[in-house]
Amino acid sequence: MNTANKNTPLLITIATSHYCEKVRWALDSLGVDYVEENHAPPFHRQYTSRYGGTSVPVLVVNDKAFTDSQDILHYLDTIAFDRQLYPQDPELRRQAETLEKLFDDKLGVATRNWAYYYAIQQPWTILAAWSKGISWMEKIKCAIAFPVATKIIKQKYNLTPDGKEVAVQDIREVFTVVNQRLNSGQQYLVGNNLSSADITFAALASFVIRPEYHPVYNSQLSKLPAEMVVVINELRETPAGELVMRMYREHRPK
Ligand SMILES: N[C@@H](CCC(=O)N[C@@H](CS)C(=O)NCC(=O)O)C(=O)O
């Protein structure tokens, strides 16, 4: 629950959401103080709708609210002093924003659908994930609504074997784009510094890489279904997968 004073930015999240991890990482990397308020789907909507949003993350700062992760990063970049999320050079900035959009629109959707496809087959896992950080009252409501909520999510995200195959295909396509950008040994996706593109890629790919130092997910694969482990191991071996692991190791503040 929000206990900070009213000037402290409030980040409304579902704890396990990778779009929320993207914004959390940006806030942490800029050293911005904030309070995170976790909710479970579909109850998050009760809180996001107050600010005109449907999905999480939502960032509320004084009388302003930002309801999309890229808008949040743009805003944070305007208040940052010594570090930037976007390159100063206009052409590099354009490249970072274009990559971020591709990751938001294609990679984040695909990795979520892929991870949900397996998680939904283990109801206790998903209930535990949704319950992270939420109040006792919401935990009870979440348990009661769980059968209906999972049914809705199955339909909304097309959590079928075919839907999962489409998701894997989309993930591989985005990884190919990233592998091509890294083919001359670049350390970062754009220019010579960490940018929104690296943070977004690493956060949104974290379901399929399971890097060490992730604040929510464990990097151990032993409890995951064998089919997931095959894909994770394949992607970890790629330059893009190595980038995700290195970004978490070197740039994800505790
Ligand atoms: N384009 C949005 C996507 C955010 C998004 O899809 N969030 C998911 C969590 S992973 C969500 O809130 N899903 C529940 C819903 O849409 O009601 C962003 O970048 O902020």
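Please read these numbers as outputs of a predicted model, since none were measured by experiment. Order of appearance sets the numbers: ligands from 1, and atoms from 1 within every ligand.
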_Considering non-hydrogen atoms of the protein only, which is the closest contact for atom 13 (N) of ligand 1, and what is the distance?_
Y157 OH, 3.5 Å
*asked:* Set out, in order, the CA-CA distance, both residues' side-chain angles and the distance that settles ring-ring contact (aromatic ring centres under 6.0 Å, His included) for Y19 and F103, then state yes or no.
replied: CA-CA 10 Å; Y19 291 97; F103 303 151; over 10 Å; no
_Salt-bridge present (E91, R94; N to O < 4.0 Å)_ = yes
*Do the rings of Y248 and W25 sit parallel, tilted or perpendicular, given the 30° and 60° boundaries?*
tilted
*What protein heavy atom is closest to atom 1 (N) of ligand 1, reported as residue, atom name and distance in Å?*
D68 OD1, 3.0 Å
*Check whether any heavy atom of P57 sits under 4.0 Å from an atom of ligand 1.*
yes
*asked:* Could you check whether any heavy atom of K101 sits closer than 4.0 Å to an atom of ligand 1, since that is the contact criterion I want to use?
replied: no
*Would one find more than 12 heavy atoms of other residues, nucleotides or ligands at under 6.0 Å from atom NZ of K151?*
no
*Is there any N or O on S69 that sits under 3.5 Å from an N or O of ligand 1?*
yes
_Could you tell me if the side chain of P57 sits less than 4.5 Å from the side chain of I72, heavy atoms only?_
yes
*Check the side chains of Y217 and E21 for a donor-acceptor pair under 3.5 angstrom, ignoring hydrogens and angles.*
no
*Could you check which of V56, T200, T111, I14 puts a non-hydrogen atom nearest to atom 7 (N) of ligand 1?*
V56
*Which atoms of ligand 1 sit under 4.0 Å from any heavy atom of K156?*
15 (C), 16 (O), 17 (O)
*So do the side chains of V56 and H39 get within less than 4.5 Å of each other, counting heavy atoms only?*
no
*Taking it one step at a time, do E97 and R93 satisfy salt bridge (Lys or Arg N to Asp or Glu O under 4.0 Å)?*
CA-CA 6 Å; E97 287 178 336; R93 183 181 175 113; 3.1 Å; yes
_S17 N/O under 3.5 Å from ligand 1 N/O_ = no
*Tell me: protein heavy atom nearest atom 11 (C) of ligand 1, and distance?*
S55 CB, 3.7 Å
*Does NZ in K141 sit with more than 12 non-hydrogen atoms of other residues, nucleotides or ligands closer than 6.0 Å?*
yes
*F207 contact mode with ligand 1 (heavy-atom cut-off under 4.0 Å)*: neither
*Purely on distance, is any nitrogen or oxygen of H44 under 3.5 Å from one on ligand 1?*
yes
*Considering only the protein, which heavy-atom contact is closest to atom 17 (O) of ligand 1, and what is its distance?*
R45 NH2, 2.7 Å
*asked:* With a heavy-atom distance limit of 4.0 Å, tell me whether E21 approaches ligand 1 through its side chain, its backbone, both, or neither.
replied: neither
*asked:* Between ligand 1 and R112, is the shortest N or O to N or O distance under 3.5 Å?
replied: yes
